[in-house]
Amino acid sequence: MQSILILTGRDDLTADAVVEELVKRGEQVVRFDTADFPTASRLAVSLTGDGWTGFLAGSRTVRLESVKSVWWRRPNEFRTPDDWPGRARALAVSEARSGLLGVLGSLPVRWVNHPSKDAAANYKPVQLAVAARCGLDVPRSVITSDPEHARTFGSAVVCLAPKGSGSSSPWHSSPRTRWTTE
């Protein structure tokens with residue numbers, strides 16, 4: 001039977017509901033927490049003329065040849081033992097990410113939020129540019145590290161809502177953020 005592979009953390013209530021519904025519909029679902037890789041889970045694959053064959057084993061095991069789709073939901077960061085030296089941990093996490101995501105990303109299956117597309121979508125300037133090219137109304141926007149440019153732009157608009165350009169921006173929790181409905 002073909003499987004749906006869901007990459008997300010253990011405490012993802014939305015994924016819990018989706019898994020429950022998929023199982024009700026008769027789907028074989030394997031949920032994998034990337035935080036368990038490479039210490040508590042295993043990847044064992046070989047490259048053939050048809051692509052990667054082998055298995056991914058965590059709380060459940062899935063053969064890669066049986067995966068029909070992957071949902072890149074909210075995967076956790078790869079983890080290594082806390083007692084490893086910093087450089088060794090960084091190298092292990094980098095290799096884990098490249099190896100696991102490289103293998104999974106190359107599977108010729110349907111993806112919901114392929115990691116490369118998901119990463120590109122996390123850049124607000126890309127989102128705004130795509131929306132504008134699609135003919136959607138987007139707010140007048142400026143990205144600058146030049147204070148004078150910011151002052152000039154700010155003096156020309158009625159309402160100014162400073163925002164960060166990424167998901168980890170300090171603006172997201174800053175008391176200086178100005179919320180607007182315009």
Side-chain angles (χ1 to χ4, degrees), residues 1-48 50-84 89-90 92-124 126-128 130-131 134 136 138 163-173 177 179 181:
M1 178 177 223
Q2 291 196 302
S3 300
I4 297 171
L5 177 61
I6 300 177
L7 302 172
T8 194
R10 284 183 192 80
D11 299 328
D12 185 343
L13 298 177
T14 300
D16 292 345
V18 171
V19 168
E20 184 178 329
E21 183 60 31
L22 289 170
V23 169
K24 280 182 190 174
R25 294 177 182 208
E27 296 292 346
Q28 177 74 30
V29 179
V30 176
R31 187 171 176 162
F32 184 80
D33 188 347
T34 49
D36 294 338
F37 190 77
T39 55
S41 61
R42 300 287 176 260
L43 174 69
V45 297
S46 299
L47 185 61
T48 69
D50 294 326
W52 294 103
T53 63
F55 67 87
L56 176 63
S59 59
R60 297 188 52 206
T61 299
V62 62
R63 292 216 48 94
L64 295 187
E65 306 90 300
S66 75
V67 173
K68 69 176 180 178
S69 60
V70 180
W71 183 22
W72 177 261
R73 167 66 182 147
R74 285 192 175 157
N76 287 317
E77 186 55 61
F78 297 91
R79 279 193 296 227
T80 58
D82 292 337
D83 60 344
W84 286 14
R89 291 177 74 192
V93 166
S94 175
E95 289 297 306
R97 183 182 301 110
S98 294
L100 180 64
L101 298 185
V103 168
L104 295 178
S106 72
L107 295 178
V109 300
R110 180 178 307 275
W111 276 81
V112 176
N113 298 356
H114 191 285
S116 62
K117 305 289 186 200
D118 192 64
N122 281 321
Y123 291 96
K124 194 165 293 175
V126 173
Q127 295 169 7
L128 290 169
V130 169
C134 290
L136 299 174
V138 296
K163 295 184 177 188
S165 59
S167 60
S168 62
S169 168
W171 287 111
H172 288 198
S173 60
T177 301
W179 298 100
T181 58

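Please read all numbers here as calculations on a predicted model, not as lab measurements.
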statement: Interatomic distance, OG@S69 vs CH2@W111, rounded to 0.5 Å, equals 10.0 Å
query: Which value, rounded to the nearest 0.5 Å, describes the distance between F32 atom CZ and T61 atom OG1?
result: 10.0 Å
Crowding at CZ, R60 (>12 non-hydrogen neighbours, <6.0 Å): yes
field: Check: V67 and Q2 side chains under 4.5 Å, non-hydrogen atoms
entry: no
Ionic contact status for D36 with R10, cut-off 4.0 Å: yes
query: Say you draw a straight line from CZ of F78 to CG of L101; how long is it, rounded to the nearest 0.5 Å?
result: 4.0 Å
query: Backbone N or O of P75 within a donor-acceptor pair of the T34 side chain at under 3.5 Å?
result: no
message: Can you give me the closest heavy-atom contact between W52 and S106, atom names plus distance?
response: CD1-OG, 3.1 Å
query: Would you say L136 and V130 make side-chain contact, with heavy atoms under 4.5 Å?
result: no
field: Sequence neighbours excluded - salt bridge (charged side-chain N to carboxylate O under 4.0 Å, His left out) pairs with any residue from residues 61-70
entry: E27-K68, R63-E65
- prompt: Does the side chain to side chain contact (heavy atoms under 4.5 Å, CB included) test come out yes or no for T53 and L64, once each step is laid out?
  reply: CA-CA 6 Å; T53 63; L64 295 187; over 6 Å; no
message: Could you walk me through whether L104 and V70 satisfy the side chain to side chain contact (heavy atoms under 4.5 Å, CB included) test, starting with their C-alpha distance in whole Å, then the side-chain angles of each, then the deciding distance to 0.1 Å, before giving a yes or no?
response: CA-CA 9 Å; L104 295 178; V70 180; 5.7 Å; no
field: Pairing residues for W72 by the ring pair (Phe, Tyr, Trp, His ring centres under 6.0 Å) criterion, not counting sequence neighbours
entry: none
- prompt: How far apart are the closest heavy atoms of S41 and G58, and which atoms are they?
  reply: CB-CA, 3.7 Å
statement: Heavy atoms of G105 and H114 approach each other most closely as O-NE2, 3.2 Å
query: Nearest 0.5 Å, what's the CG-CZ distance between N113 and R74?
result: 10.5 Å
- prompt: Rounded to the nearest 0.5 Å, how far does CG of D33 lie from CG of L7?
  reply: 9.5 Å
message: Restricting to salt bridge (charged side-chain N to carboxylate O under 4.0 Å, His left out), what partner residues turn up for R73, sequence neighbours left out?
response: D12
task: Please report the shortest heavy-atom distance between L43 and G99, naming the atom on each side.
output: CD2-O, 4.3 Å
message: Is it the case that the side chain of S94 and the backbone of A90 share a donor-acceptor pair, with hydrogens and angles ignored and the cut-off at 3.5 Å?
response: no
Sidechain-backbone polar pair: S3 side chain, L5 backbone, donor-acceptor under 3.5 Å: no
- request: Say whether R89 and T80, considering side chains only, have a donor N or O and an acceptor N or O under 3.5 Å apart.
  value: yes
- request: Evaluate side chain to side chain contact (heavy atoms under 4.5 Å, CB included) for I6 paired with V29, printing each intermediate quantity in order.
  value: CA-CA 7 Å; I6 300 177; V29 179; 3.6 Å; yes
- prompt: What is the distance from atom CH2 of W71 to atom CD1 of I4, rounded to the nearest 0.5 Å?
  reply: 10.5 Å
